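All values derive from a computational prediction rather than experimental measurement. Just follow the structure's listing: the first ligand is 1, and inside any ligand the first atom is 1.
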Amino acid sequence: MATVIDFSAAFPKAADIKAAGHEGVVAYVSPPRELWMKAKPLTKAVADAYRAAGLKIGAVWQYGGAGNPDVLRGAAGGRADALAADAQLKAVGLAGHPVFFAVDFDITLAQWNATAVQYFRSACDVLGRQRVGIYGHSRAVAWAQEDGVVADLGGGRCLGWVTSSWSQGDKAADYAVLYQGTHNVPGPSGVQVDINTVYASEWGHRPIPTPTVDLTKLPRVDQTLWLNKHYTPGRGGRRIKYIVRHHNAGILSIQGCWNVWQTREASAHYQVETTGRVGQLVRDEDTAWHAADQTRNQESIGIEHANSAGAAQDWPISDATITAGAHLAAELCIKHDLGRPEFGKNIRDHKETGATACPYHLAAGGKYHEKWMRAAQAHYDTLTKPAAVVAQEDDMFTDYDREALLDVRAMLQTLCAQDMGDPGVTGPYGGWPQTGGRTRTDILAAIAAKLGITGTTDTKEA
Ligand SMILES: [Zn+2]
């Protein structure tokens with residue numbers, strides 16, 4: 001079986017890697033946390049040498065150690081790391097390539113659900129899902145796949161790199177792409193390496209195309225539970241024109257909705273549960289009784305969103321429900337040829353009848369509205385645009401961002417070099433010559449200002 005190696009202490013020579021029979025490497029694009037990590041980050045010169053030798057190169061991001069894992073920084077951390085990884089990939093000639101973000105500890109499901117999944121969602125927002133991979137134990141990789149926050153390679157396989165650590169013997173051969181079964185052994189050029197089995201020809205060494213979706217199979221529904229009453233067969237000759245958003249004002253399951261609509265003279269086509277499971281209760285070609293008026297009912301599809309808590313908590317809706325409801329709407333827009341989701345046009349709220357506050361926080365102007373719309377539009381774009389176009393548009397840097405990040409990177413490198421005792425960086429107390437006499441505090445303030453972090457009062461940085 002083909003193998004690739006990863007290493008952090010030094011770069012083995014390309015010829016030695018080839019001679020050892022490995023088809024490639026997974027190289028760090030993150031900066032070094034400790035002085036001995038001479039193979040962080042991958043440099044352009046090394047990448048060029050590996051490429052010239054015919055070695056494949058995958059990329060991994062891991063800065064924090066076991067005591068401060070990157071992914072436990074949540075959404076903000078995922079965004080920052082994805083931007084930095086993207087900048088480094090561009091710098092070494094790997095623009096558009098995917099990155100494995102490392103979960104190098106025994107993460108629990110609670111930690112995943114509470115924090116780490118947000119890190120990966122953010123990374124997907126920045127890079128596009130097809131550029132996000134995960135390194136971790138087998139369960140973490142499975143959770144990422146289930147939550148849809150890593151690249152989909154088709155055939156049930158995701159861009160997952162499983163370590164034998166904490167995996168309890170599960171080698172994930174049917175859903176991962178790499179398996180790190182051998183740790184810290186002497187490798188090519190005498191460098192300590194890990195050895196990874198390659199499970200799939202597409203393992204993250206090149207850009208991954210967006211999978212072609214069978215648009216005739218949309219929307220994706222987890223459960224159908226057809227209502228036997230309180231809807232009208234057909235649509236009275238009218239055409240479907242838009243989606244109407246609702247919230248339950250209740251914490252209902254798919255079955256729960258079905259039960260309520262046995263006695264209440266109402267219905268909707270779809271119900272999204274608190275976990276994001278999607279149920280369908282009325283066929284699209286039939287008229288559900290959800291929008292207060294016959295014409296509106298005949299021209300629309302109703303989507304109900306479950307609340308995750310009740311009135312005492314002011315009817316919150318989970319992220320999973322928001323995302324799944326938005327994705328469902330996007331898929332219905334494709335199926336019924338309604339165009340890209342746009343509020344007021346093909347996406348509308350129950351409350352526009354004036355008779356209700358529904359869908360409350362989801363409604364235009366409400367606290368979930370923007371997030372829901374962004375998720376709907378992003379999903380529509382992913383499903384409808386050719387991969388090449390998506391890749392171009394995923395380049396989220398404005399010119400300002402790019403320059404600011406390069407400045408920030410230079411400043412951080414100076415700080416890191418100083419902290420690691422690099423003999424080349426020993427200036428006088430109170431500031432270093434190569435930073436224009438700025439102190440550590442000055443530089444941190446300048447970095448904060450570049451990143452737009454409020455509350456700083458930097459005056460020295462132009
Ligand atoms: Zn409603």
Student: For the Zn ion (ligand 1), find the closest N/O/S atom belonging to His246 and write down its atom name.
Tutor: ND1
Student: The Zn ion (ligand 1) to Cys358: any N/O/S contact under 2.8 Å?
Tutor: yes
Student: Between Ser318 (side chain only) and Thr274 (backbone N and O only), is there a donor and an acceptor less than 3.5 Å apart?
Tutor: yes
Student: Taking just the N, O or S atoms of His350, which one is nearest to the Zn ion (ligand 1)?
Tutor: ND1
Student: I'd like to know if the side chain of Ser267 and the backbone of Trp289 have a donor-acceptor N/O pair within less than 3.5 Å.
Tutor: yes
Student: Indicate yes or no: does Lys90 engage Asp86 in a salt bridge with an N to O separation below 4.0 Å.
Tutor: yes
Student: Would Trp203 and Asn196 count as having a side-chain donor-acceptor pair, cut-off 3.5 Å?
Tutor: no
